[in-house]
Participant: 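Here it is, the structure, as structure tokens.
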Amino acid sequence: MTDTGGGADKADGMPGNERARKEIRPMTALYATPPAATPAAARATAPATGPATVRTAPSARLRRARPVRRARLLRHARRGRLIRPESVLLASGAALVPWLYVLARTVPSTAQVGHWNAAWVGLDALEALGLLSTAALRRRGDDRHRLTAAATGALLVVDAWFDTVTAAPGGELAVAVAMAACAELPLAALCTALALGRGQRTVRDNPRLTPARRPTTE
């Protein structure tokens with residue numbers, strides 16, 4: 001029996017197995033499953049309507065929510081107009097004026113009180129705390145030293161006032177006046193100047209201030 005296939009392969013000059021492989025390769029390429037697309041390729045080949053829909057939906061919701069938010073802001077603004085801090089302060093200050101007359105007419109000039117020592121120790125402790133905190137904050141270049149300076153200055157004025165008006169006549173009154181004139185009131189003036197922003201120190205003035213401790217204001 002004659003092998004026609006083998007003869008034809010030999011006539012073409014290639015073995016039969018090799019020719020069969022070449023015929024199978026196009027068929028496998030035709031029916032092969034395409035490789036999975038990468039995320040970047042999937043985004044590149046995605047239809048244009050997908051991302052546009054995702055982007056416009058939140059903006060549409062925001063546009064629908066804006067009138068509601070605007071109404072809330074208007075309500076808060078109206079409440080702020082009705083009750084302002086200035087109005088509360090003015091009303092409180094005006095109410096204290098007739099109260100001063102009541103105190104002057106009803107409070108006795110002398111009284112025996114308890115915890116007198118605790119009251120003065122507490123006041124002086126607050127003054128010491130205020131002076132130390134003001135010095136520490138200013139040394140660091142922290143602008144919050146203005147707040148502690150303002151509070152400490154008020155405490156020093158109160159201390160000078162009560163020291164003077166509660167002192168007995170004679171040597172006690174002289175000591176109270178000397179303390180107020182030489183210590184308490186000058187310190188109160190210094191704290192007031194610091195609270196108002198006078199005598200500022202910057203990094204150039206104090207080389208110990210590092211850039212991390214730079215004051216917020218020039």
Side-chain angles (χ1 to χ4, degrees), residues 68-202 213 215-218:
V68 179
R69 185 178 182 184
R70 190 181 297 108
R72 292 177 181 175
L73 292 176
L74 289 175
R75 286 197 296 269
H76 287 300
R78 289 172 183 173
R79 292 175 184 175
R81 291 176 183 176
L82 294 176
I83 302 176
R84 291 185 177 181
E86 306 89 82
S87 303
V88 176
L89 296 175
L90 287 173
S92 301
L96 284 176
V97 174
W99 180 246
L100 296 176
Y101 177 78
V102 173
L103 291 177
R105 299 289 296 179
T106 59
V107 175
S109 57
T110 59
Q112 184 176 359
V113 297
H115 309 291
W116 185 247
N117 56 348
W120 284 106
V121 169
L123 180 60
D124 289 343
L126 290 176
E127 292 174 3
L129 179 61
L131 292 172
L132 292 174
S133 59
T134 302
L137 291 173
R138 181 171 168 78
R139 187 181 182 86
R140 295 175 53 191
D142 195 333
D143 284 341
R144 289 177 293 182
H145 75 274
R146 305 177 193 277
L147 302 176
T148 56
T152 306
L155 290 174
L156 288 168
V157 172
V158 170
D159 192 359
W161 169 258
F162 280 103
D163 269 343
T164 305
V165 298
T166 59
E172 185 177 349
L173 180 59
V175 172
V177 172
M179 288 288 295
C182 299
E184 295 163 350
L185 293 181
L187 284 174
L190 176 61
C191 291
T192 303
L194 293 177
L196 294 177
R198 298 178 181 177
Q200 296 182 4
R201 290 197 310 175
T202 61
R213 299 174 180 177
T216 56
T217 57
E218 295 295 335

Participant: Can you measure from CE (Met179) to CG (Asp159) and round to the nearest 0.5 angstrom?
Facilitator: 7.5 Å
Participant: Would you name the heavy atoms of Ala176 and Ala167 that are closest together and state the gap between them?
Facilitator: CB-CB, 4.0 Å
Participant: For the CG atom of Leu187 and the OG1 atom of Thr192, what is their distance to the nearest 0.5 Å?
Facilitator: 10.5 Å
Participant: Work out which heavy atom in Ala195 is nearest to a heavy atom in Ala149; give both atom names and the distance.
Facilitator: N-CB, 4.1 Å
Participant: Do Cys191 and Thr148 have side chains that get closer than 4.5 Å, going by heavy atoms?
Facilitator: no
Participant: Is the shortest side-chain heavy-atom distance between Val158 and Trp161 below 4.5 Å?
Facilitator: no
Participant: Which residue in the set His145, Arg144, Arg140 passes side-chain hydrogen bond (donor to acceptor under 3.5 Å, both in side chains) when paired with Asp142?
Facilitator: Arg144
Participant: Roughly how far, to the nearest 0.5 Å, is CG of Leu129 from OG1 of Thr152?
Facilitator: 7.5 Å
Participant: Quick one: does Glu127's side chain get under 4.5 Å of Asp124's, heavy atoms only?
Facilitator: yes
Participant: I would like to know whether Leu155 and Leu123 meet side-chain contact (heavy atoms from CB on, under 4.5 Å); could you show each step before the answer?
Facilitator: CA-CA 8 Å; Leu155 290 174; Leu123 180 60; 4.0 Å; yes
Participant: Show the nearest heavy-atom pair for residues Asp163 and Glu184, with the distance to one decimal.
Facilitator: OD2-OE2, 3.0 Å
Participant: Would you indicate whether the side-chain heavy atoms of Thr166 and Trp120 approach each other to under 4.5 Å?
Facilitator: yes
Participant: Could you check Arg138 against Leu194 for side-chain contact (heavy atoms from CB on, under 4.5 Å), going step by step and ending with a plain yes or no?
Facilitator: CA-CA 9 Å; Arg138 181 171 168 78; Leu194 293 177; 3.9 Å; yes
